[in-house]
Amino acid sequence: MRTGRPKEENAKRKTITIRLTEDLYKRIVEYAAEHKLSKTDVALQSLEKFLSKKE
């Protein structure tokens, strides 16, 4: 029997690593704290919004 987190239908399976300036990192941390989000949630929501813009 396996233990651990149950498999989700929409499981996140990909990871990317990015380098940030100190200023941008601080802004993300502050925004996350003010809105009770994780840094990952801030990044994901920002990317979704950016990529959904129609030009």
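Predicted, not measured: the structure shown is a model, and the values here were computed from it.
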Novice: Could you walk me through whether His35 and Asp41 pass the side chain to side chain contact (heavy atoms under 4.5 Å, CB included) check?
Specialist: CA-CA 10 Å; His35 294 86; Asp41 287 335; over 6 Å; no
Novice: How many angstroms lie between atom NZ of Lys26 and atom CG of Leu20, to the nearest 0.5 angstrom?
Specialist: 13.0 Å
Novice: Going hydrophobic residue to hydrophobic residue with side-chain gaps under 4.5 angstrom, can you get from Leu44 over to Leu37?
Specialist: no
Novice: About how many Å separate CD of Glu34 and CD of Glu30, when rounded to the nearest 0.5 Å?
Specialist: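 Between Glu30 CD and Glu34 CD, I get 6.5 Å after rounding to 0.5 Å.
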Novice: Using the rule that two of Ile, Leu, Val, Met, Phe, Trp, Tyr join whenever any of their side-chain heavy atoms come within less than 4.5 Å, decide whether Val42 and Leu24 are in one cluster.
Specialist: yes
Novice: Taking Leu51 as the starting point, is it possible to reach Ile18 by hopping between hydrophobic residues whose side chains are less than 4.5 Å apart?
Specialist: no
Novice: So, using ring pair (Phe, Tyr, Trp, His ring centres under 6.0 Å) as the criterion, who are the partners of Tyr25 when residues are at least two apart?
Specialist: none
